[in-house]
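Shown next, in structure tokens, is the structure this report addresses.
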Number of protein chains: 2
Amino acid sequence: MKKPSATLPPTEGRLKGSAAHPLRSDPTLSQTPPYQNQGRLHGALAYRLGVDILKGVYQSGETLPNEIDSSSSLDISRSAYREAIRILAAKGMVESRPKTGTRVTERARWNLLDPEVLGWMFDTEPSQDFIKALFELRLITEPAAADLAAQRRTDADIASMRNSLDIMARETLQTEAGRKADREFHRTLIGATQNEALVSLSSSIEAAVAWTTRYKARHNALTRDPVPDHERVFDAIAAGDGSAARWCMESLIRMALQDTQKAAAH
Amino acid sequence: MKKPSATLPPTEGRLKGSAAHPLRSDPTLSQTPPYQNQGRLHGALAYRLGVDILKGVYQSGETLPNEIDSSSSLDISRSAYREAIRILAAKGMVESRPKTGTRVTERARWNLLDPEVLGWMFDTEPSQDFIKALFELRLITEPAAADLAAQRRTDADIASMRNSLDIMARETLQTEAGRKADREFHRTLIGATQNEALVSLSSSIEAAVAWTTRYKARHNALTRDPVPDHERVFDAIAAGDGSAARWCMESLIRMALQDTQKAAAH
DNA sequence: TATTTTTATATTGTCTGACCAATTAGCCGG
DNA sequence: CCGGCTAATTGGTCAGACAATATAAAAATA
């Protein structure tokens with residue numbers, strides 16, 4: 001066995017390592033699906049700063065404390081801090097230049113549709129306006145997507161959607177398996193459009209949908225059975241009837257919006 | 001004044017600093033509007049890796065060389081390299097875990113609608129399929145946005161759009177001022193929807209539009225005068241006629257698509 | 001002996017602290 | 001009003017310790 005490596009304990013420094021840093025277990029740390037924040041210090045800090053920016057703790061245009069102060073007051077290294085800032089910058093939320101410092105950009109430049117940002121957003125109980133905006137966007141894109149899907153879907157797509165639908169009927173949205181099947185249904189539907197841009201957009205929106213689902217469950221709003229609505233969309237797509245698919249999808253989303261608003265009024 | 005800090009010149013190391021690194025001036029470095037890549041090493045590397053991933057030099061699932069090898073072979077520090085990776089990770093393009101290394105995620109998880117990613121995409125002469133997908137998305141969202149804008153626009157919105165339109169008519173799309181007015185026109189239009197999610201989405205798409213504009217100019221396709229089309233959209237919105245605005249916007253985009261395809265056939 | 005479980009180990013990202021370089025906003029003097 | 005300085009801040013570098021984990025080796029079990 002080797003002894004503690006004879007070399008040198010350089011500054012005598014605190015022998016921490018990084019065992020259990022306060023930041024790691026800091027917030028609720030919304031652990032939705034592949035949230036890769038798992039324990040990385042820079043990720044945790046990016047989360048924290050991101051949420052603070054979204055909440056308005058740091059306003060647009062405001063300069064946040066410099067690297068040295070921030071990192072030391074948070075008790076982390078500059079590198080970890082800088083990596084966190086890089087993440088925020090990649091999402092358009094901050095901008096840093098020498099001498100000026102790092103400042104929060106104007107809200108219009110934030111990538112609100114970034115899945116991660118959307119996740120952060122929902123950890124702050126977003127405003128009704130924002131939820132409304134999101135539903136409006138869904139109401140624009142998803143019916144159109146359903147239309148395209150009806151024209152372009154393959155047999156494999158139909159089989160996959162049929163399967164997801166069966167699981168949903170069996171499990172309901174109360175179980176994780178049921179919700180997963182729901183997501184899978186929508187994902188295949190969008191995939192059937194053969195449109196990469198739509199796929200990318202809706203994978204963002206998926207985060208939002210997942211949240212509203214949980215939101216409704218939390219406020220245990222008596223949500224109607226979603227299967228019949230989905231069934232109608234499916235039938236239209238299987239039949240290749242674009243305009244029917246569009247119409248059914250629109251009504252499906254309107255129902256979801258109604259339920260969500262009902263839950264909000266709780 | 002203090003002398004060079006008596007301590008120790010640790011390893012005698014190369015006295016480089018970072019005067020003029022090859023990466024900085026490496027590629028064409030698409031300097032579109034507020035591209036904040038300006039000279040930052042990590043930004044330049046992120047750009048390079050990002051483009052390589054989009055081009056397929058690094059395939060999905062592939063593990064790229066480890067930090068030590070990469071940074072040393074690129075002749076940059078590990079910190080700079082890591083910050084670059086953090087940027088890519090924030091855009092969903094890579095995922096890094098201890099022992100496994102950093103690997104390229106599956107294409108469906110890339111944030112293709114991130115303005116920066118979109119910019120990278122266009123530096124690689126994107127596939128016809130992708131351009132088509134993008135126009136399809138515009139065809140879905142922008143007419144709907146025009147509809148909403150017609151219902152919600154304020155007097156200030158109208159004034160701003162009128163002004164942009166005048167500048168466009170005077171300058172044409174050949175001058176930068178003209179193109180800027182074009183962008184401004186669309187931006188105010190989207191802003192008039194009062195929908196944050198739409199704003200965020202279209203600020204992404206703006207990058208794409210800017211590219212196709214340059215693309216058409218490059219292949220000097222005889223593009224028709226865009227002002228009459230814009231004028232019609234404007235009139236409909238000013239009149240508060242949603243469905244007319246929708247229809248005019250749709251035809252405007254179809255024209256742009258036609259021109260782009262004509263340029264592609266060159 | 002074959003199979004499963006446990007333990008080592010090598011590899012890799014993570015984090016640290018201290019340092020120097022490049023940039024530039026804002027001040028000061030001409 | 002302009003041009004050059006100065007101080008403050010991010011950008012970049014380095015060398016090393018730490019933590020996690022996939023894989024291989026060893027041990028226990030069937």
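Below, chain A is the first sequence line, B the second, and so on; all start at residue 1.
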- Query: What pair of heavy atoms forms the shortest contact from A/Arg179 to A/Leu173, and how long is it?
  - Reply: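 Heavy-atom minimum between the residues: NH1-O, 3.0 Å.
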Take the protein atom [atom1] of [X] and the nucleotide atom [atom2] of [N], then report the distance between them rounded to whole Å.
X: B/Tyr81; N: C/dC15; atom1: OH; atom2: C1'; answer: 17 Å
X: A/Ile76; N: C/dA18; atom1: CD1; atom2: P; answer: 15 Å
X: B/Glu95; N: D/dT21; atom1: CD; atom2: P; answer: 13 Å
X: A/Glu83; N: C/dC15; atom1: CD; atom2: P; answer: 7 Å
X: B/Leu45; N: D/dG12; atom1: CG; atom2: C1'; answer: 13 Å

Nearest of [options] to any side-chain atom of [X]?
X: A/His42; options: C/dT14, D/dA22, D/dT13; result: C/dT14
X: A/Arg82; options: D/dG12, D/dT21, C/dC15; result: D/dG12
X: A/Arg78; options: D/dA17, D/dG12, D/dT13; result: D/dG12
X: A/Ser77; options: D/dA22, C/dG13, C/dC15; result: C/dC15
X: A/Ala80; options: C/dT23, C/dT16, D/dA20; result: C/dT16
X: A/Leu41; options: C/dC15, D/dA8, D/dG11; result: C/dC15

- Any idea how B/Phe122 and B/Trp211 line up, ring-wise: parallel (<30°), tilted (30 to 60°), or perpendicular (>60°)?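 Rings of B/Phe122 and B/Trp211: parallel, as their planes differ by under 30°.
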- Item | Test side-chain hydrogen bond (donor to acceptor under 3.5 Å, both in side chains) applied to B/Glu83 and B/Arg40, B/Arg78, B/His42, the passing residue |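 Between B/Glu83 and the candidates, side-chain hydrogen bond (donor to acceptor under 3.5 Å, both in side chains) is satisfied uniquely by B/His42.
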- Item | Modelled atom types, side-chain donor and acceptor of A/Trp110 and B/Ser200, under 3.5 Å |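 On atom types as modelled, these side chains do not qualify, holding no pair under 3.5 Å.
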- Item | Between B/Asn163 and B/Ser160, a side-chain donor and acceptor under 3.5 Å |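 No, because no side-chain N or O of B/Asn163 sits under 3.5 Å from a partner of the opposite role on B/Ser160.
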- Answer yes or no: is there an ion pair linking B/Arg162 with B/Asp166, defined by an N-O contact shorter than 4.0 Å?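 Salt bridge present between B/Arg162 and B/Asp166.
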- Task: Name every residue in residues 63-74 of chain A that has at least one heavy atom under 4.0 Å from any atom of DNA chain C, in order of residue number, or write none if there are no such residues.
- Result: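 Contacting residues: none.
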Taking only the side-chain nitrogens and oxygens of [X], find out if one of them lies under 4.0 Å from OP1 or OP2 of [N].
X: B/Arg97; N: C/dG13; answer: no
X: A/Thr102; N: D/dT9; answer: no
X: B/Arg86; N: C/dT14; answer: yes

- Task: Would you mind telling me which residue lines up with the more 5' stretch of DNA chain C, B/Gly101 or A/Lys99, judged by nearest nucleotide?
- Result: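 The residue mapped nearer the 5' terminus is B/Gly101.
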- Query: Which residue lies toward the 5' end of DNA chain D, A/Ser79 or A/Thr100, if each is placed at its nearest nucleotide?
  - Reply: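 By nearest-heavy-atom nucleotide position, the 5'-most residue is A/Thr100.
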- Message: Can you tell me which residue among B/Arg109, B/Arg86, B/Arg103 is in a salt bridge (charged side-chain N to carboxylate O under 4.0 Å, His left out) with B/Glu95?
- Response: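 With B/Glu95 as partner, salt bridge (charged side-chain N to carboxylate O under 4.0 Å, His left out) holds for just one option, B/Arg109.
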